[in-house]
Structures are given as C-alpha cells and as structure tokens.
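These notes concern the structure reproduced below.
Predicted model, so just to flag it, every value in this text is computed and none were measured.
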Amino acid sequence: MRPAAVWSALLACLLAALALAVAGSSPAHAQTSADPAATAARHVVVVGISGLRWSDVSATATPTLWRLAGQGSAGSLVDYAVKPLTCPADGWLTLNAGARAQSDHTDASCGAFPAVVASGAGAQVPGLPALESYNNQFHNTPSWGLLSRESPGCSTAVGPGAALALADSSGRVASYLPSPGNITAGVLSRCPLTVVDLGNLGSAERGPVLASADSELARIVADLPAGTTLLVTAPGATTKPAHLQLALVSGPGYRAGLLDAASTRQPGLVVLTDLTPTVLGWLGQLPSGSVLSSLSGAQITRGDRGALGPTVRSLVGRDTAEQVWRSTHSEFFWAYALADILVMAAIGLAFWGAAPEVRRRRARWWRVAGVFAVSVPVGTFLANLVPWWLFAHPAVWLYAVAAAWAAVIGAAALFGPWRPDPLGPFGVICLLTVVVLGIDVMTGSRLQLETPFGLSVLEAGRFYGIGNEALGIYGITGLLAAAWLALLALRRYPSSRRLAVAVVAVVALFAVFASGWPGFGGKVGGTIAMVPCFLLLAGAVAGIRLNWRLVLLVAVSGLALFAIFALISYFTPVTGKSDIGSFAGSSLHGHSGGLLLRKINSNIGSLHVNALSPLSPIVVVITGLMLWRPSWFGLKTVPLAYEAQPLLRPIMGVLWLLPVLGWFADDSGVIVPAAALPLALPLGIAILATAAYFDGQSRYRNTTVTGPSGPKTADQPA
C-alpha cells in the first residue's frame, strides 16, 4: 500500500467521524426541565453556612433545612477554590469574583478572617486590595466586585462573609448589616439581591451552632417576599479533610428537584464557581463578552429526583465515596505496584536460569501474573456497578468487588478461546478496558467516580471524561487492543494490510473521540497524546517508513485535532459546556495566558507531589532505553521477542511513547506515567517474554515472519 494512500485514508476516517459526531451528537448535559434562570427573579437571597454538609441535615436536627430540601432542589457543592483547604473567606471571595480566589492562609489552617468595618449604611473591607494582589499569582482571572457590579439596583450584605461577597474592587460595600438579627421583611424586599452569612460550623460544638443557624434561617424564610429564589450553600470550611458541602435552592423552577450544572455533568453536583453566574442569571444580569468568557462556572439548573430521604442518603453516600478515595487512594497504588514487583521478581527467582525450558516456564508464569495485573484497572471501574458507598465498611466493599472482577476477567482471559494466541489474553483485557472506559465516558463517567484510577471531584476536580490517572491506562490499553486486532487481521489475511490498518483506525476513532470529543470527555492531554501514537501504530502496520515530513505531521496531529475540538465546543452549543470550549473562548478573548501558566506550573509541580515523584521520569527513561537498545543492558528476551514478532518493536515503542506524551500534554504531568507504570511494566514484561518463549507456534502457521536473522516459517523456533 502506498504511504500517501494510507495517510489519506486515515485523515478521511477522522474527518468522517468528526462530521458524524457534529451531526448526531446530543448535548452531554441535558436539562430535565426548563431552565429556571430563563425568567429573572424579583428577589434573590443567598444564605451561607460555611462547613454545612448533608450529613448534618435531618428532620429533627434541622427542621427548616429539611423542609426547604423537601420543597426545593438539593445538591452537593464542590467547595474547591485554590488550595485543598478552602476556608470560608475563600468561598465568599470566589462568590465575589466569579472565579477561584483565596485569602492568605496555609494548606493546614485558615488565617484570620478579613476585617469588615461598618461605615454608615455600608461597610469597608480594607484588606481587599491586598487580597486582589495576592491572588494574581494563581492566574484565575477573577473579576473583582462582579456580583455587586452586575446586580440590578442595590444589594445588601448581612454579616462579614456577605460583605466579602458584595464588596466592589476597592473593598466598599454599599449596604451592610453586621448581624442576621437585624434582618427584617423590609430589608429582604428592599434590594433585588441579599446575601447573608449565618456563620461557620467548626469541628467542635457543631450541634448548637447548627441549631442556631437553622433557627435564623427559619426567621429569614418567614420574611421572604413572594416569588423569592433562595440559595442556601456552604462557602468554605475551616476543617480538613475536605467534604462535599450542601447546596439547596428553593423557589420558582426548583420544586422537588436535584441540582444540576453543565460544569460537572453529574446529577446532584455543582461547584463553587457555579454560584456567581447562577445568581446573576436569576437576576437577569448574566454578563456577556470577555467577562462571560472568563467565568469558569455554569448556571445551576434542576433535574428530577425521587423521595427526599433516598436523595439525601445518596448525597451523603457520594461524600462517603470521596472520603474512601481520599483515605485509600495512595495506599492502593502502593499495594498494586509492590504486588507487581514482588510477584514478577518471585517468578524470576523461582525459575532462575538460562536453560530454554526454564525460560519457557518463567515466561508462562510471567504471562499469568501479567494477565491478572492488567485486569486490575478494569476491575476497579466495574466495581462501581455495585453501590458500595451505601454499605457499612465501604472501602472493604470497593476493593473486594474490584478484586473479584479482576479475578474473573483474568481467568476468562487465560482460559478463553484466544489462549493459543501469545497476545490473546492481553489483547482481550485491553480491548475490554478501553471499551468499558469509552462507553463510560460517553454515558457520564459514572464508573470512574471515586474509583482508584478514576475521578475524585474533591481532590482532582474533574467530573467527567478520562481522569488524569486513567489517561495512561486508557491510551495503553487502546493501543494494545488495536495492535492485537491488527495482528489477528494480518495473520488471517497476510496479503491485506488495508484490513489491519482499518482495524487500527476503528479502535483509534473510538478511543480518541470518546476521550476528546467535547460532548463526551473533552480530554486535552488524551487527544494530544493518543492521536500521534495511533498514527505511528497504523503506519507501522501499513509498513510505512517515516521521514521528517511524516514525523512532523504526526507530531502536530494531536494538537490539531484538539484545536478542532475546542473550536467546535465553543461555537456549537449542542456539545455542551466543556473545559476545552472555555479555553477556546478565553483564547479568542485574550485571556488564556493565565490558564496556560497555571497548567504549566501544575505540570512542573507534579515532580514534587511526594519524595518518590522524581523517580518516575528515571524509570520511564531507563525503560525506553531498554526497549530501544536492549543490548546495552544485556537483555536477551527483548531481541528474541522482536525477532519472533517484528511488529512488537513499534508496538512497544508507542506503548512507551503514550504516557510520555501524556506527561507533557496533561496538567497532571508526571502523574500520568507514574499511574500507568503498575500496569505497563508487568504488561510489557509478560508480552515480551511470551513472544520470545511461547510454546505454541500455531500463531504463525501458514505465515512467514521476518526478523534480524532473515525469513523463517511458523515451524521454526523463535
């Protein structure tokens, strides 16, 4: 096949799939009712109780909150501003500016709350200009004073947190009451917007403070003007670890529902930066142009729900799942990696020696160990088919179900009809993994939420698509699945490379579009990393020799497709709101510099996550050299594997290249290859050993392979 024809065919497939996606895509985030923000409210009241969680709410302990939840729409709030500890001042400042903002404090504890000085009918926040300068280092492009500036008419702040929310860029608050005790029906009806700070629920004496806040809230609710939209939320908390906080909306358009937002695409989940555009949307004052493009949040809408009791239990369960992720995530990776090392090393020691029979036995056991190691990630995702977060001892349930799935999948791979194929068990598991993750991304990413390789909404702040730690696994399994299917096609039809290339193209289109299409995952790093690797794999299968022009084309292919996705997301509402669409809008309005700096700093900072982070690049480099020049390390198995199956050299090359590209393309940086290593290393060892010393040669029957020693038939030993 001519190289030009192959590359043209691949490009045509990409464009055809893109056209189909544009024509047939449905919004990734569909509202289940009319947009409540479509009609402006006469009055909006925002009540903040910092640290308030759904586990605090019950019919007996908080009767007002329970009654409001029953008649309104409930949801969980991701209270993440800049640092892992989001203090109350951070939450109120974020509400002020419509972008993540932070007061000056450490990761361990909150500092003093900014002073608010009453002055006549208003107040002054003297430290606000200094806080604005302090936030320049985070490059979040806050629009200070946005909430008060864009509100129609006047706005009233009650309490110090509310003063932070409604201060203008100079720190001036036009209308201020120092205490909720000063609130009357006249105060609530005077201005279109009233913001109230009902205090903070600390770690000690939560009960009395909660009861007092609930009583104050009851008095406010009794004095609300007719038709008021009431938002009760929890701007920040003073304690660690972070929890999902409470968000509750009562008013027209929000009856007996579940809060929803395009920013998360997860029913019942909204983020802190959603609050400002939502409040302004209720007031009919949503900004436009460059100010709108700088807002990272989305307007909160309403979806349907069942009875209140099960809804609250589900919201509490989501927070429980987050706590399981936080407390076991690192330990899981250590256990997975150490198990790989110990098992593979034990097999090597048990079958130590250079005799051919010893090498074959070692390869057989490495194959078995590699199969079960590769089954672990997909087992963890499938564990979410069971609602383990609702059970007693949820962590035990999560890992027990994941282990059971991995055992079943590994056994099926080892004893299935593909067993005679040296790559069969690995190809089947990898194909299952990429299909499960791809379908999950297309249907809302439910299997990834709070699983070890998946999404943590509190720690990682990603709510849909392929997570940062799953990126390497997703790409590697997609590439190996494509390579295995291509080898099957070449084996069945040795004279037709077109079929093998077509197989690679089909897997590539599925994997790339599921991950990168803005209506599904919108994953920047995945698109940039996967597209070049799939093109290189297709070129190797087609027998194309690379030159500098093709290398340049391949190098920019991922960036080019990402740019197309980003522009489509920005200009085509049908794809729904996405991060890459927001990036395109920021770039067109000249605001992307801060975002890029933030991503670069995050990538570099990944090298200092823990004391072992700097070791990951060393392992990656050494592994690459072993695959490229095995003779430098005295390796015998690698060249034998390459001789037995020449396509293994480019296959192993792209499997190595993908996490490296993901390292530089994704803001999580070195975490991408680090998270992939526990899967990639046993997979690579098992594949190479199996190919070099596989007992059954039927995989080559009636075919001829070419290695360094020249052509040989299937019946010749490898």
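- Taking both residues in full, the closest heavy atoms of Pro192 and Pro152 are given as CG-O, 3.2 Å, listed atom of the first, atom of the second, then distance.
- A donor-acceptor pair under 3.5 Å links the side-chain atoms of Arg206 to the main chain of Leu201, judged by distance alone.
- The closest donor-acceptor contact from the side chain of Asn96 to the backbone of Gly145 lies under 3.5 Å.
- With a 4.5 Å cut-off on side-chain heavy atoms, Thr194 and Val46 do not count as touching.
- With a 4.5 Å cut-off on side-chain heavy atoms, Leu131 and Leu93 count as touching.
- Of all non-hydrogen atoms in Val158 and Ser179, the two that sit nearest each other are CG1-O, 3.5 Å.
- Relative orientation of the Tyr134 and Phe138 rings is perpendicular, given thresholds of 30° and 60° on the angle between their planes.
- Summarising the geometry, atom CD1 belonging to Ile466 is positioned 11.5 Å from atom CG belonging to Asp666; distances are rounded to the nearest 0.5 Å.
- In this structure, Arg265 satisfies the cation-pi test against Tyr464, with its NZ or CZ atom closer than 6.0 Å to the six-membered ring centre and inside 45 degrees of the ring normal.
- Distance check, rounded to the nearest 0.5 Å: CG of Asp168 to OG of Ser148 gives 6.0 Å.
- Considering CZ of Arg326 and CD of Glu450, their distance stands at 13.0 Å, rounded to 0.5 Å.
- Pairing each heavy atom of Gly444 with each of Gln266, the nearest pair is O-NE2, 2.8 Å.
- The backbone N or O of Ala99 lies less than 3.5 Å from no partner atom in the side chain of Thr273, so there is not a single donor-acceptor pair.
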Legend entry - Worked check of side chain to side chain contact (heavy atoms under 4.5 Å, CB included) between Glu459 and Val457: CA-CA 6 Å; Glu459 295 285 340; Val457 300; over 6 Å; no
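- Considering only heavy atoms from C-beta on, Trp66 comes within 4.5 Å of Val312 through its side chain.
- Nearest heavy atom pair, residue Ala157 against residue Val173, reads CB-CG1, 3.9 Å.
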Inset, instruction - Walk me through it: do Val196 and Ile183 pass the test side chain to side chain contact (heavy atoms under 4.5 Å, CB included)? - result: CA-CA 9 Å; Val196 183; Ile183 296 176; 3.8 Å; yes
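- Checking side-chain atoms of Asp79 against main-chain N and O of Gly236 turns up a donor-acceptor pair under 3.5 Å.
- A donor-acceptor pair under 3.5 Å is absent between the side-chain atoms of Ser119 and the main chain of Gly122, judged by distance alone.
- Among all heavy-atom pairs drawn from Gly48 and Pro235, the shortest one is CA-CD, 3.8 Å.
- Using a 4.5 Å heavy-atom cutoff, the side chains of Asp107 and Pro84 are in contact.
- Using a 4.5 Å cut-off on side-chain heavy atoms (C-beta onward), Leu230 and Val249 make no contact.
- Each of Leu231, Ile300, Leu315 was scored for a side-chain contact (heavy atoms from CB on, under 4.5 Å) with Leu259, with one residue passing: Ile300.
- No side-chain heavy atom of Cys87 sits less than 4.5 Å from a side-chain heavy atom of Thr238.
- Under the 3.5 Å distance criterion, the side-chain polar atoms of Thr228 are left unmatched by any main-chain donor or acceptor of Leu224.
- Residues Ser76 and Trp54 meet the side-chain proximity criterion, which asks for heavy atoms closer than 4.5 Å.
- A donor-acceptor pair is defined here as one N or O able to donate and one able to accept, closer than 3.5 Å; no such pair exists between the side chain of Asp197 and the backbone of Gly159.
- Using a 3.5 Å distance cut-off with no hydrogens or angles, the side chains of Glu322 and Ser456 do pair a donor with an acceptor.
- Checking each of Asp274, Val279, Asp260, Thr278 against Gln299 for a side-chain contact (heavy atoms from CB on, under 4.5 Å) leaves exactly one that passes, namely Thr278.
- At least one donor-acceptor pair closer than 3.5 Å links the side chain of Gln124 to the backbone N or O of Ser170.
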Inset, instruction - Check the pair Trp144, Asn135 against side chain to side chain contact (heavy atoms under 4.5 Å, CB included), reporting the backbone distance first and the verdict last. - result: CA-CA 11 Å; Trp144 296 105; Asn135 276 272; 3.9 Å; yes
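- From Ile220, atom CD1 reaches atom CG of Leu188 across 7.0 Å, with rounding to the nearest 0.5 Å.
- Counting only N and O atoms by type, the side chains of Asp214 and Thr64 include a donor and acceptor under 3.5 Å apart.
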Legend entry - Residue pair Ser55, His243: steps toward the side chain to side chain contact (heavy atoms under 4.5 Å, CB included) verdict: CA-CA 10 Å; Ser55 56; His243 284 264; over 6 Å; no
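- The closest side-chain heavy-atom distance from Val270 to Ser263 is not below 4.5 Å.
- Side-chain atoms of Thr276 come within 3.5 Å of backbone N or O of Leu95 as a donor-acceptor pair.
- A ring-centre distance under 6.0 Å is not found for Trp92 and Phe113.
- For the residue pair His329 and Glu469, a side-chain donor N or O sits within less than 3.5 Å of a side-chain acceptor on the partner.
- Rounding to the nearest 0.5 Å gives a distance of 4.0 Å between OG1 of Thr156 and CZ of Arg190.
- Taking a cutoff of 4.0 Å between a charged side-chain nitrogen and a carboxylate oxygen, Arg100 and Asp90 do not qualify as a salt bridge.
- Pairing each heavy atom of Ser250 with each of Gln71, the nearest pair is OG-NE2, 3.3 Å.
- Only one option out of Leu210, Leu246, Leu65, Ile49 pairs with Asp56 in a side-chain contact (heavy atoms from CB on, under 4.5 Å); it is Leu210.
- Rounding to the nearest 0.5 Å places OG of Ser143 at 4.0 Å from CZ of Arg149.
- Between the side chain of Thr86 and the backbone N or O of Val82, no donor-acceptor pair lies under 3.5 Å.
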